[in-house]
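Take a look at the structure set out below.
In what follows, chains carry the letters A, B, and so on, assigned in the order in which the sequence lines appear, proteins first and then strands, with residues in each chain numbered from 1.
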Amino acid sequence: MEAEYFTADVTSDKPPFSVVIPPPNVTGNLHIGHAYEHTQIDIITRRRRMQGYEALWLPGMDHASIAVQTLVERQLRDEGIDHRELGREAFVDRVWQWKEQYGGAILGQMKRLGESVDWSRERFTMDAGLSRAVQTIFKKLYDDGLIYRAERLVNWSPALRSTISDIEVEHREVDGELVSMRYGDGENSIVVATTRVETMLGDTAVAVHPDDERYRHLIGTEIELPLTGRKIPVVADEHVDPQFGTGAVKVTPAHDPNDFEIGKRHDLPMPTIMDEQGRIAHTGTQFDGMDRFEARVAVREALREQGRIVEEKRPYRHSVGHSSRSKEPIEPRLSLQWFVKVGPLAKAAGDAVRDGRVAIHPPEMSKRYFDWVDNLHDWAISRQLWWGHRIPIWYGPNGEVVCVGPDEEPPSGEGWHQDEDVLDTWFSSGLWPFSTLGWPEDTPDLRRFYPTSVLVTGYDILFFWVARMMMMGLYAMDGVAPFKAIVLHGMVRDAHGKKMSKSAGNTVDPLEWMDTYGTDALRFTLARGANPGTDSPISEEWVAASRSFCTKLFNATKFAMMNGARVPERLADRSELTDADRWVLDRAEQLVSDVDALLEDFQFAKATEALYHFTWDEFCDWYLELSKVQLDAGGERAERTREVLGYVLDVLLRLLHPTIPFITETLWTALTGGESVVVAEWPKPTGAVADEAAAERIAAVQKLITEIRRFRSDQGLKPGQRVAAKLGGVAELGLADHVPAVRSLARVTEPTDGFTSSASIEVGLTGGTVSVELDLSGAVDIAAERKRLEKDLAAAEKELTGTDKKLTNPAFLDKAPAEVVDKIKARRETAQSEIERIKARLEALPQG
RNA sequence: GGGCGCAUAGCUCAGCGGAAGAGCACUUGCCUUACAAGCAAGGGGUCGUAGGUUCGAACCCUACUGCGCCCACCA
């Protein structure tokens, strides 16, 4: 157990900080999506810990009971065992075996991601403690009249032989058929249409609109229902749209939601004509025992033989609800189920976000949330499964119904039995933020960590889980919402933004990448793609690039330490530091405040990007190179440089630690001699005022060096080849101190006695021009030089035209803010002088 | 049927009213004493189309086109 990661040093006065983390995949695999999510959570938590908060995770597992049950059923089937014959208790044992088998693997994988969690078994769901929480909340809801039992039409999954909830139904467009058929005969006949012909066996009426003249004479009469010999009434109902189809609707109350409502209004019988596996049953016809799809064909052909088929449209494209777990079309089925009355719960859940007590990141996602909680149907919570929390209701021999609380003895004796159903998996998952903290007991954890600080999860689970936790939390915890912030991320996609799926073959195994490139490289890649609320593509190439970054960081630290870098007690006075020192310190200062603000706002991608660019483009490419010159100078200068190197690296490694914990731990402890960067202090801005003048001089040096390098490259000089050069105008611009740096980085040496200027370049800087004369001691590539100058000239002329156009526009001068006008004016002047300079150079060039 | 989002360099994405950006890929030259998993230099975009607002639009508005997602009990 890695307790030191989150329980050690709990001595600060910082408020507690807790995070709810979603569970890994029930199959036991660490999916790349989980690596993505857990990386974000770990970044948040590690930063908080460095800031001195007492940070706690509430890890979850096994919440998806239907999926677990399906998996174990499949496993049993592979062994040739029908789980129904196994019996309930033996089945539950199997599930526990399954958990033992896969649970451990998941823990190992999480640890490799660098996560620091108490994975002790007590925190896992389905344990006694959590069952107690489930029982307590059920009883409370029951006593408050928010749980009721009713016969309703529910979504039935014939494959699972269980109810599923509304949100577990996926609507998909499928090619079906629309069959119109005649009921009754002659004058007393009506044509109705359906996509599910087999349901006609359960029809108990035909409905028409009350004002529909075509059918007025039939209302109240009875017509014959084919194949069954039954007589069914024609009823008038407002629900029927006279414009649609024939204006007449067959009514199957037990197998269609609309028809159920019509059936209730007209007090129609509601025969169920299918069994729990979706086979026709109890109709007394030859179709009994047929599967529903088989029956669809058989019934249609039987009607055709009787000449009752009037019209067929095939294919007929329409939307059909499918079970999100087992993928087959769901069947509306009439059955007795337990429901939660969600009205007051959903209202509270909506209000908590509406009035700002809970913030959703990114805020655009709030609308989806409101649409959902504001239009919620009552929640069917009973499931006809064996794995899950059983409904704590006992039935007595004389029709008694008793809800048993956690400290109550269930009634025993002849004829008493517990409800066979288990609760919807989201019922217990909704309790997560407080049941994991020991609720219903009044524990120290609960007092300290509820409400939790932040929930990080995918937007795909907003309705399933987030909204449930909101409802349950607010209800159980006296109106205190379970978290202060909800951070929604997108899905990890492949390199081309395609959804990852096993069938598309574009899934990735994060463990393989971790082995090849390192865990930090994977984490860095995932963090770099983590823009709130949007999907994130990932590819192996990008993980490789992240590994390069880690290597770069390693080498930079190695270089600094080889040269004696050390973290100073306190930095030397600014007057003892060079422009380069001041510049890099100011940049680091800026980085601290940028990264801190971005992480505070859960902008992982931007924070990671800022760290990447500072490390590579500023620290490595410029400061390390400049520091070589300063180190060569020796003495105090070198000593100060070692301190700046140490200081900046220390800050940088601490800033990077939440994202790439492993390499930063190694480098930071080596550099500082500190115990562990995990418990190091999170960098804070020092409040130092940036030295603008130093920054400007460094920018000038960078430009000068780049221009010389560009010239060298154009002239085909090898990077290592040193060339004598005279630098003119340096002192006038206050850059005299930087000459050694320019010479070192641009690889130009002091002119010697035989110096002959064979080429020269001029670099325009703010405040003046530096001229560089080079002794190439050989032919100068005049064509290349001309080409380059012409390109620069074209750019400058374009700039002049653009700025001129603005400055000659009176409306612009009149209406644009003064600072914008000044900026454009300055740009125009620069362009003007550039053009003159380049033109002079071109004229001076020998003809070639 | 309702709602939301996205169209910017070859690919993946930032930028969201005042000079078109990054990473990868690409071209050229380099084993320059931290790093070839590297260094240096460079090429590449009328910011989906058409209108409008504005001194000024990738950015705001309208329409259109093409993608993607969510929600939904019309036979």
Measure from the side-chain heavy atoms of [X] and tell me the nearest of [options].
X: A:H171; options: B:A34, B:C55, B:C73; result: B:C73
X: A:K558; options: B:G18, B:A34, B:G38; result: B:A34
X: A:H613; options: B:U32, B:A75, B:A22; result: B:A22
X: A:H318; options: B:A34, B:C70, B:A75; result: B:A75
X: A:N555; options: B:A19, B:C35, B:G29; result: B:C35
X: A:R528; options: B:G23, B:A34, B:U32; result: B:G23
X: A:V820; options: B:A37, B:C35, B:G18; result: B:G18
X: A:D621; options: B:A40, B:U32, B:A19; result: B:A40
X: A:T194; options: B:A72, B:A75, B:C39; result: B:A75

Presence of [X] side-chain N/O under 4.0 Å of [N] phosphate oxygens OP1/OP2:
X: A:R710; N: B:G42; answer: yes
X: A:K606; N: B:A22; answer: no
X: A:K806; N: B:A19; answer: no
X: A:K499; N: B:G68; answer: no
X: A:W542; N: B:A37; answer: no
X: A:H239; N: B:C73; answer: no
X: A:T534; N: B:G5; answer: no

What interatomic distance, in whole Å, is found between [atom1] of [M] and the corresponding atom of [N]?
N: B:C60; M: B:C16; atom1: P; answer: 10 Å
N: B:G51; M: B:A57; atom1: C1'; answer: 14 Å
N: B:G23; M: B:C59; atom1: C1'; answer: 23 Å
N: B:U46; M: B:G68; atom1: P; answer: 26 Å
N: B:C11; M: B:A19; atom1: P; answer: 27 Å
N: B:C39; M: B:C31; atom1: C1'; answer: 10 Å
N: B:U28; M: B:A20; atom1: P; answer: 30 Å
N: B:G48; M: B:A9; atom1: C1'; answer: 15 Å

I need the [atom1]-[atom2] distance between [X] and [N], as an integer number of Å.
X: A:R493; N: B:C11; atom1: CZ; atom2: P; value: 18 Å
X: A:E541; N: B:U12; atom1: CD; atom2: P; value: 12 Å
X: A:W372; N: B:C71; atom1: CH2; atom2: P; value: 10 Å
X: A:K798; N: B:A19; atom1: NZ; atom2: P; value: 13 Å
X: A:L488; N: B:G5; atom1: CG; atom2: P; value: 15 Å
X: A:N531; N: B:C13; atom1: CG; atom2: P; value: 10 Å
X: A:K787; N: B:G42; atom1: NZ; atom2: P; value: 12 Å
X: A:E609; N: B:C13; atom1: CD; atom2: P; value: 14 Å

Complement of [N], any strand, by Watson-Crick or G-U distances under 3.5 angstrom:
N: B:C69; value: B:G3
N: B:G56; value: none
N: B:A36; value: none
N: B:A63; value: B:U49
N: B:G10; value: B:C24

query = Any side-chain heavy atom of A:K499 within less than 4.5 Å of one from A:D535?
reply = no
key: Non-hydrogen side-chain atoms of A:P257 and A:F260 separated by less than 4.5 Å   = no
request  = Would you mind telling me which residue lines up with the more 5' stretch of RNA chain B, A:F559 or A:L717, judged by nearest nucleotide?
outcome  = A:L717
query = Which residue lies toward the 5' end of RNA chain B, A:D371 or A:H377, if each is placed at its nearest nucleotide?
reply = A:D371
Please determine whether any donor N or O and acceptor N or O are separated by less than 3.5 Å between the side chain of [X] and the base of [N].
X: A:T551; N: B:A37; result: yes
X: A:R827; N: B:A19; result: yes
X: A:R709; N: B:A40; result: no
X: A:K718; N: B:C30; result: no
X: A:E707; N: B:A41; result: no

inquiry  = Apply side-chain contact (heavy atoms from CB on, under 4.5 Å) to residues A:D237 and A:E261 and explain how you reach the verdict.
reply    = CA-CA 10 Å; A:D237 195 284; A:E261 294 301 321; over 6 Å; no
query = Aromatic rings A:F602 and A:H361: how do their planes relate, parallel, tilted or perpendicular, breaks at 30° and 60°?
reply = perpendicular
request  = For A:D256 and A:V251, run side-chain contact (heavy atoms from CB on, under 4.5 Å): C-alpha distance rounded to whole Å, both residues' side-chain angles, the deciding distance at 0.1 Å, then the answer.
outcome  = CA-CA 8 Å; A:D256 183 277; A:V251 181; over 6 Å; no
Using a heavy-atom cut-off of 4.0 Å across all strands, would you classify [X] as base, sugar-phosphate, or nothing?
X: A:Y612; result: sugar-phosphate
X: A:C550; result: nothing
X: A:P719; result: base
X: A:K367; result: sugar-phosphate
X: A:D241; result: base

task = Measure the spacing between OG of A:S627 and CG of A:D632 and express it to the nearest 0.5 Å.
result = 9.0 Å
Interatomic spacing from CZ in A:R292 to CD1 in A:I273 - rounded to 0.5 Å = 11.5 Å
message = For a side-chain contact (heavy atoms from CB on, under 4.5 Å) check, start with the C-alpha distance between A:L717 and A:L776, then their side-chain angles and the critical distance, and finish with the verdict.
response = CA-CA 9 Å; A:L717 295 178; A:L776 297 182; 3.9 Å; yes
key: A:F559 six-ring face occupied by A:K628 cation (under 6.0 Å, within 45°)   = yes
key: Check against side-chain contact (heavy atoms from CB on, under 4.5 Å), A:T641 and A:L626   = CA-CA 10 Å; A:T641 303; A:L626 293 168; over 6 Å; no
